A.B. asks: 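This is the structure I have questions about; it appears just below.
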Amino acid sequence: AQTVTQSQPEMSVQEAETVTLSCTYDTSESNYYLFWYKQPPSRQMILVIRQEAYKQQNATENRFSVNFQKAAKSFSLKISDSQLGDTAMYFCAFLDGNNRKLIWGLGTSLAVNP
Amino acid sequence: DVKVTQSSRYLVKRTGEKVFLECVQDMDHENMFWYRQDPGLGLRLIYFSYDVKMKEKGDIPEGYSVSREKKERFSLILESASTNQTSMYLCASSQRRQPQHFGDGTRLSIL
């Protein structure tokens, strides 16, 4: 079965610092997609970044970047220059290219402290 | 931008009531999903639909049913609400191999 593991239930970081959230997954598929979602307190779940497994280059969106290690099945999210608005639950998710359902990690609660 | 609209942000119902949660998306997405979210348990898939009148069970379908009569609308039905169905319910939609887009969620309390 495909699984996604987020080993850090809670993390905190000081404003303006860099933090890395870890995610590992397990699959025997070669065609898949990986996502990081952000859910601020009492607000909507939004997509932060996506990575296609066939692309070797790590995805980047402004202050958010990933470290995609395909052989190790690792997909970590780095947030640079952390801001108070980055305080949220962060979920890692996996999509098999032949499927329609996302497989979700349990999430990491990130607190950015002033 | 994709918009996924859930009919209520907050809803309070009584045990035994039949409860309807509605979700509408405006991007002609083929896939629609209903999740429940509970602290420490992440997102758990209840049902999803990949076409009109088509549905598949997710991980926790017991006590729920769904309806998709039109492509843009996906309804979640609690046939006889129970207190253990008190939760946050999230609706999402997507195209194949694309990210899911979420509504604001419905916080449902069953008294």
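Letters A, B, ... are given to chains in the order of the sequence lines, protein chains preceding strands, and every chain is numbered from 1. Values in this document were obtained by computation on a predicted structure and should not be read as measured data. The figures that follow rest on heavy atoms only: side chains count, while hydrogens, waters and symmetry mates do not.
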A.B. asks: Just by modelled atom types, is the Gln100(B) backbone N or O under 3.5 Å from a matching donor or acceptor in the Tyr37(A) side chain?
C.D. replies: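 Indeed, once roles are kept as given, a pair shorter than 3.5 Å links the two residues.
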
A.B. asks: Of all of Arg9(B), Gln98(B), Met88(B), which one pairs up most often with chain A through heavy atoms under 4.5 Å apart?
C.D. replies: Gln98(B)

A.B. asks: Is Phe68(A) reachable from Tyr33(A) through a run of I, L, V, M, F, W or Y residues, each pair having side-chain heavy atoms under 4.5 Å apart?
C.D. replies: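 They do not share one cluster, since no chain of ILVMFWY contacts under 4.5 Å joins Tyr33(A) to Phe68(A).
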
A.B. asks: Indicate if Leu77(A) and Leu34(A) have the same hydrophobic cluster label, given that clusters are the connected sets of ILVMFWY residues with side-chain heavy-atom separations under 4.5 angstrom.
C.D. replies: yes

A.B. asks: Under 4.5 Å from any heavy atom of chain A, what part of Asn31(B) do you find: side chain, backbone, both or neither?
C.D. replies: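 When you check distances to chain A, only side chain atoms of Asn31(B) fall under 4.5 Å.
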
A.B. asks: Side chain from CB out, backbone as N, CA, C, O: work out which of these in Ser42(A) comes under 4.5 Å of a heavy atom of chain B, or both, or neither.
C.D. replies: backbone

A.B. asks: Let me know if Asn99(A) has heavy atoms under 4.5 Å from chain B in its side chain, its backbone, both or neither.
C.D. replies: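 Just the backbone, heavy atoms under 4.5 Å.
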
A.B. asks: Nearest 0.5 angstrom please: Leu43(B) CG to Met89(A) CE, how far?
C.D. replies: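 With rounding to 0.5 Å, CG (Leu43(B)) is 9.0 Å from CE (Met89(A)).
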
A.B. asks: Provide the full list of side chain to side chain donor-acceptor pair (under 3.5 Å) pairs with a residue in residues 40-52 of chain B, sequence neighbours left out, each pair given once.
C.D. replies: Asp38(B)-Arg44(B), Ser49(B)-Arg68(B)

A.B. asks: Decide whether Ile60(B) and Leu108(B) are clustered together by the hydrophobic rule: side chain heavy atoms of Ile, Leu, Val, Met, Phe, Trp, Tyr closer than 4.5 Å, transitively.
C.D. replies: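 Yes, Ile60(B) connects to Leu108(B) through the hydrophobic network.
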
A.B. asks: Once rounded to the nearest 0.5 Å, what's the spacing between atom OH of Tyr35(B) and atom NZ of Lys101(A)?
C.D. replies: 9.5 Å

A.B. asks: Looking at CG of Leu90(B) and CD of Gln44(A), how far apart are the two atoms once the value is rounded to the nearest 0.5 Å?
C.D. replies: 9.5 Å

A.B. asks: Is the count of non-hydrogen atoms from other residues, nucleotides or ligands lying under 6.0 Å from Lys78(A) atom NZ greater than 12?
C.D. replies: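 No.
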
A.B. asks: So, for Arg50(A) and Pro99(B), which heavy atoms are closest and what is the spacing to 0.1 Å?
C.D. replies: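 Minimum heavy-atom contact is NH1-CD, 3.4 Å.
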
A.B. asks: Please round to the nearest 0.5 Å and tell me the distance separating atom CG of Leu47(A) and atom NE2 of His101(B).
C.D. replies: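 One finds 7.0 Å between CG of Leu47(A) and NE2 of His101(B).
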
A.B. asks: Of the non-hydrogen atoms in Arg100(A) and Phe33(B), which two are nearest, and what is the gap between them?
C.D. replies: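 Between these two residues, the closest heavy atoms are O-CZ, 3.3 Å.
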
A.B. asks: Should Phe64(A) and Phe35(A) be counted in the same cluster of Ile, Leu, Val, Met, Phe, Trp and Tyr side chains packed under 4.5 Å apart?
C.D. replies: no

A.B. asks: So which part of Gln39(A) gets closer than 4.5 Å to some heavy atom of chain B, the side chain, the backbone, both or neither?
C.D. replies: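 Only the side chain of Gln39(A) comes within 4.5 Å of chain B.
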
A.B. asks: Assigning hydrophobic clusters by single linkage (Ile, Leu, Val, Met, Phe, Trp, Tyr; side-chain heavy-atom cutoff under 4.5 Å), is Ile79(A) placed with Val13(A)?
C.D. replies: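 In one cluster: yes.
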
A.B. asks: Would you say Arg63(A) has more than 12 foreign heavy atoms packed within less than 6.0 Å of its CZ?
C.D. replies: yes

A.B. asks: Quick one: does Gln37(B)'s side chain get under 4.5 Å of Phe91(A)'s, heavy atoms only?
C.D. replies: yes

A.B. asks: Between Arg96(B) and Asn98(A) (side chain of the first, backbone of the second, donor and acceptor by atom type, cut-off under 3.5 Å), is there such a pair?
C.D. replies: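 Yes; judged by distance alone, with no hydrogens or angles, the pair exists.
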
A.B. asks: Return each pair, listed once, that meets side chain to side chain donor-acceptor pair (under 3.5 Å) where at least one residue sits in residues 13-25 of chain A; pairs must be two or more places apart or across chains.
C.D. replies: Ser7(A)-Ser22(A), Gln8(A)-Ser22(A), Tyr25(A)-Tyr32(A)

A.B. asks: Please classify the contact of Leu95(A) with chain B as side chain, backbone, both or neither, using a heavy-atom distance under 4.5 Å.
C.D. replies: side chain

